[in-house]
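Each chain gets a letter, A, B and so on, in the order the sequences are listed, and its residues count up from 1.
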There are 2 protein chains.
Amino acid sequence: MGIADRKERDKEELRERILVAAKSLFLQKGVEKTSIRNIADQIEYSPGIIYHYFRDKNEIFHALHQGGFIQLMEKMQVLGVVRNPMERLKAMGSIYITFALENPDMYDLMFIKEAPIDHVSSSEHDNWKEGGGTFNYLRTTIDDCIKAGHFLGHDAEALSYMIWSTVHGMVSLNIRKRCEVVLPHRQETIVVDGLEEFYKILDKL
Amino acid sequence: MGIADRKERDKEELRERILVAAKSLFLQKGVEKTSIRNIADQIEYSPGIIYHYFRDKNEIFHALHQGGFIQLMEKMQVLGVVRNPMERLKAMGSIYITFALENPDMYDLMFIKEAPIDHVSSSEHDNWKEGGGTFNYLRTTIDDCIKAGHFLGHDAEALSYMIWSTVHGMVSLNIRKRCEVVLPHRQETIVVDGLEEFYKILDKL
DNA sequence: AGGAATATTAAACACTGTTTAATTATTTTT
DNA sequence: AAAAATAATTAAACAGTGTTTAATATTCCT
């Protein structure tokens, strides 16, 4: 049955080649400016072949955005050494915005674009498990903070959402170029400055 | 010179008709699914005519998104009666998310989409004055809060950005369907619940 | 070697935003 | 009132898009 296996591997390999081509194009041109024909050109196949490996363009970028979550989760690994849950929460924020600012296009795909998420809602497994993993990580950290006596009188679930929203809001406004409203000489650093303000608040809770 | 005036008015009227058609289509189909030909069909003109009134599709939706800011600013008017600056700040947040949840497509256009903002950065007046107005309103309120003894040790500019980001983050994650990660039975109300948590925090500052 | 199954492609469909030159319609001048 | 000039409008084309279909190569198995 080695032949069938090799065929399986070949199929998998072409799928992977499509993904690699799609990613490189998307990182240098953006999702909407990357066409099926562009990807086909890159891998030197005809455009039609792509539809034998992916249902549509959405599915390709959904597959790609999964890679982003693995990347982000890997960066989060170092948090294991931070014992104090409140410090761990702060470090998480730092890693999150660093990832977003260093990989704006990938972040955009993961948390802002409608494209890959539309594929999730229109498929059988209708929960967004990639995002669920990272959110649960945050949620657990907040639970730890509460156990350590912080966030008295707060609702853990809603608080987690609010905290996530704060960092997401700062980076997404930046990525989607809505920072021109702040003082010109501060635009460069407004996201990290904003995070700093958030830290000051956390220190009081 | 009445003839020239009437011609001027006629031109202005057609421009307005394009805008009305574009808005109605965009609110029921979204920006990217609204084509120039769709708009032309609606006003019963040929597609080409639109380019005598707008440079490109971006300019149309930039013009539209200005209307959204006027709408939002109008809702903010009632804040004048709230004397306590901290209460005013909270009420602002409430108005902001209400506007976003009631007009998700318009909010998307104003604060999330890249389309209309690209027009801003590629034109002569390169600051985003619509957004600037609303941000300054927030900024002034925060200044008032500081004068009233709140937010000790904070940087007003960065704090304003952070607070804006918190509400923006909550609504934009919701609009772009990233809320599936929270507990199912809470998804419906997570944005207002998150805002509630934010209020609790503000009460301590 | 020949038939079945699979992989791949060429071609078409119905769109998109935008530009061009040609055509109406209107105004101004003779 | 007729002719010339100006402005408004359009038809047609261009180069692209995502996706589907039917036809063609290629590989596999008996």
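Residues meeting the side-chain hydrogen bond (donor to acceptor under 3.5 Å, both in side chains) test with B:Ser24, sequence neighbours left out: B:Gln42. For the side-chain hydrogen bond (donor to acceptor under 3.5 Å, both in side chains) test, residues two or more places apart in sequence or in another chain that qualify with A:Thr189 are A:Asp193. Among residues two or more places apart in sequence or in another chain, the side-chain hydrogen bond (donor to acceptor under 3.5 Å, both in side chains) test is passed with B:Gln66 by B:Glu130. For A:Lys90, the salt bridge (Lys or Arg N to Asp or Glu O under 4.0 Å) partners at least two apart in sequence or on another chain are A:Glu87, A:Asp203. By the side-chain hydrogen bond (donor to acceptor under 3.5 Å, both in side chains) test, B:Lys57 pairs with no residue at all, sequence neighbours left out.
The nearest whole Å value for the distance from the CD atom in A:Glu44 to the C1' atom in C:dT9 is 15 Å. The distance from atom NE2 of B:His52 to atom P of D:dA11 is 14 Å, rounded to the nearest whole Å. The nearest whole Å value for the distance from the OH atom in A:Tyr45 to the P atom in D:dT26 is 12 Å. With rounding to whole Å, B:Arg17 atom CZ is found 13 Å from D:dT9 atom C1'. Protein atom CD of A:Glu12 is 16 Å distant from nucleotide atom C1' of C:dA7, rounded to whole Å. The distance from atom CD1 of B:Ile49 to atom C1' of D:dT9 is 5 Å, rounded to the nearest whole Å. The distance from atom CD1 of A:Ile18 to atom P of C:dT9 is 11 Å, rounded to the nearest whole Å. Rounded to whole Å, the distance from CZ on A:Arg15 to C1' on C:dA7 is 17 Å.
The overall bend of the helix from C:dA1-D:dT30 to C:dT30-D:dA1, read as the angle between its terminal helix axes built from five base pairs each, is 30° when rounded to 10 degrees.
In summary, the aromatic rings of B:Trp128 and B:Phe135 are positioned with their centroids too far apart to meet the 6.0 Å limit.
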Contact pattern, 5' to 3', of nucleotides 13-19 of chain D - B, S or - by protein heavy atom under 4.0 Å: B---BBB
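Listed by first then second residue, pairs satisfying ring-ring contact (aromatic ring centres under 6.0 Å, His included) with a partner in residues 21-49 of chain A read A:Phe26-A:Phe61, not counting sequence neighbours.
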Could you tabulate the donor-acceptor pairs under 3.5 Å formed by side-chain atoms of residues 156-164 of chain B, not counting sequence neighbours?
unit_1	atom_1	unit_2	atom_2	d
B:Glu157	OE1	B:Arg139	NH1	2.1
B:Glu157	OE2	A:Leu183	N	2.8
B:Ser160	OG	B:Ala156	O	2.7
B:Tyr161	OH	A:Met170	O	2.6
B:Trp164	NE1	B:Tyr96	OH	3.0

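For the pair A:Arg88 (side chain) and A:Asp144 (backbone), a donor-acceptor distance under 3.5 Å is absent.
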